[in-house]
Amino acid sequence: TSRWPTISRWPTISSNSSSRSKGEEKEEEIIHDLTRRINIQGNRPNMHFELALENDIPVGIAMFAIDTGTVYGLLESGYGVITGFYICPQYRRKGYGREFFEHIQSVLIGDGAPKIYLTPDSVTGEPFWISLGFENSGKFDPDDKKFIYIYTASAAYFRKKLFLQR
């Protein structure tokens with residue numbers, strides 16, 4: 001069972017968001033700033049910046065997209081890329097990160113990604129992502145100065161997806 005009742009637990013932040021009240025100017029400013037930052041990455045329909053919420057309390061945040069440029073030609077164009085992923089410390093090791101990744105995976109596959117990649121840090125990131133099925137590609141991102149890890153959706157993922165749609 002899901003920790004959150006509907007997909008709205010990952011509300012997409014955009015300049016036309018209508019989920020806030022007029023009296024929340026500070027929140028409005030934050031959303032405006034985040035939207036500006038997102039638009040720097042390109043105003044593409046497959047760029048996602050999402051929050052994970054538990055009872056309207058932020059649990060985590062992620063930025064992900066379909067990579068249209070690739071990392072210096074090291075990977076094929078069209079892979080999904082997770083450029084940022086964060087779960088608040090008090091929510092770690094409780095399944096939130098795994099469930100948030102499953103949502104991200106579903107979105108990226110829906111956007112057409114055959115695989116997903118990221119460049120995790122070696123101390124906290126690699127163990128988490130390896131536990132989800134990411135594998136070190138042996139390729140090195142010269143910008144992040146980290147190894148590129150790649151995930152391929154398994155047949156089990158697609159069976160689960162079909163079962164849930166029934």
Side-chain angles (χ1 to χ4, degrees), residues 1-13 34 37-38 41 44-166:
T1 63
S2 176
R3 293 181 188 274
W4 301 283
T6 67
I7 201 68
S8 66
R9 65 181 162 244
W10 293 287
T12 301
I13 296 176
L34 291 173
R37 289 180 186 195
I38 293 165
Q41 296 291 329
R44 310 182 307 215
N46 60 8
M47 174 63 78
H48 304 274
F49 184 80
E50 297 187 9
L51 296 171
L53 302 173
E54 173 71 68
N55 299 320
D56 295 327
I57 297 170
V59 169
I61 192 166
M63 186 177 220
F64 54 99
I66 299 296
D67 187 3
T68 57
T70 77
V71 183
Y72 296 100
L74 295 172
L75 303 173
E76 297 172 28
S77 182
Y79 278 27
V81 57
I82 299 174
T83 57
F85 185 92
Y86 179 80
I87 299 294
C88 297
Q90 65 270 32
Y91 295 103
R92 293 179 189 163
R93 299 189 176 276
K94 297 179 180 175
Y96 292 94
R98 179 177 295 276
E99 189 170 345
F100 199 17
F101 168 68
E102 288 172 359
H103 165 71
I104 292 167
Q105 174 187 10
S106 178
V107 171
L108 288 172
I109 288 171
D111 285 349
K115 297 180 181 184
I116 302 168
Y117 80 91
L118 46 72
T119 54
D121 71 81
S122 61
V123 177
T124 58
E126 284 179 11
F128 172 72
W129 295 109
I130 288 170
S131 77
L132 294 175
F134 279 79
E135 296 179 353
N136 187 335
S137 68
K139 297 176 182 182
F140 195 75
D141 182 332
D143 287 335
D144 285 340
K145 298 185 179 19
K146 298 174 187 167
F147 282 100
I148 298 169
Y149 282 68
I150 298 176
Y151 177 87
T152 303
S154 66
Y157 166 80
F158 291 107
R159 281 194 302 274
K160 179 180 174 185
K161 189 81 171 157
L162 287 172
F163 177 76
L164 292 174
Q165 289 177 349
R166 290 183 186 175

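Note: hydrogens, waters and symmetry copies are ignored here, and every other heavy atom, side chains too, is used. Just so it is clear, the model here is predicted, and its values are computed rather than measured.
Once rounded to the nearest 0.5 Å, the distance linking CH2 of Trp129 with CD1 of Ile82 reads 4.0 Å. Interatomic distance, CD1 of Ile150 versus CG of Leu75, reported as 5.0 Å (0.5 Å rounding). For the atom pair OH of Tyr79 and CG of Leu74, the computed distance is 11.0 Å after rounding to the nearest 0.5 Å. Rounded to the nearest 0.5 Å, atoms CE (Met47) and CG (Asp67) are 9.0 Å apart. In this structure, Phe128 CZ and Arg93 CZ are separated by 10.0 Å, a value rounded to the nearest 0.5 Å. Asp111 contributes atom CG, which lies 12.0 Å from atom CD1 of Ile104 (distance to the nearest 0.5 angstrom).
Residues Ile148 and Ser137 share a closest heavy-atom pair of O-OG, 2.7 Å. Minimum interatomic distance between Pro120 and Gly125 (heavy atoms only, all atoms of both residues): CB-C, 3.8 Å. Between Gly80 and Ala113 the shortest heavy-atom distance is N-CB, 3.4 Å. In terms of heavy-atom proximity, Gly78 sits nearest to Pro114 at O-CD, 3.4 Å. Of all non-hydrogen atoms in Pro58 and Cys88, the two that sit nearest each other are O-SG, 4.0 Å. In this structure, Met63 and Phe49 approach most closely via the heavy-atom pair CB-CD1, 4.0 Å.
Atom NZ of Lys115 is surrounded by 12 or fewer heavy atoms from other residues, nucleotides or ligands within 6.0 Å. More than 12 non-hydrogen atoms from other residues, nucleotides or ligands lie less than 6.0 angstrom from CG of Asp121.
The six-membered or imidazole ring of Phe85 lies near that of Phe100, with a centre-to-centre distance under 6.0 Å.
Judged by distance alone, the side chain of Arg92 and the main-chain N or O of Ile87 form a donor-acceptor pair under 3.5 Å.
A tilted orientation is assigned to the rings of Phe134 and Tyr151, their planes being inclined by 30° to 60°.
In the model, Glu54 has a side-chain atom that pairs as donor or acceptor with a side-chain atom of Tyr96 under 3.5 Å.
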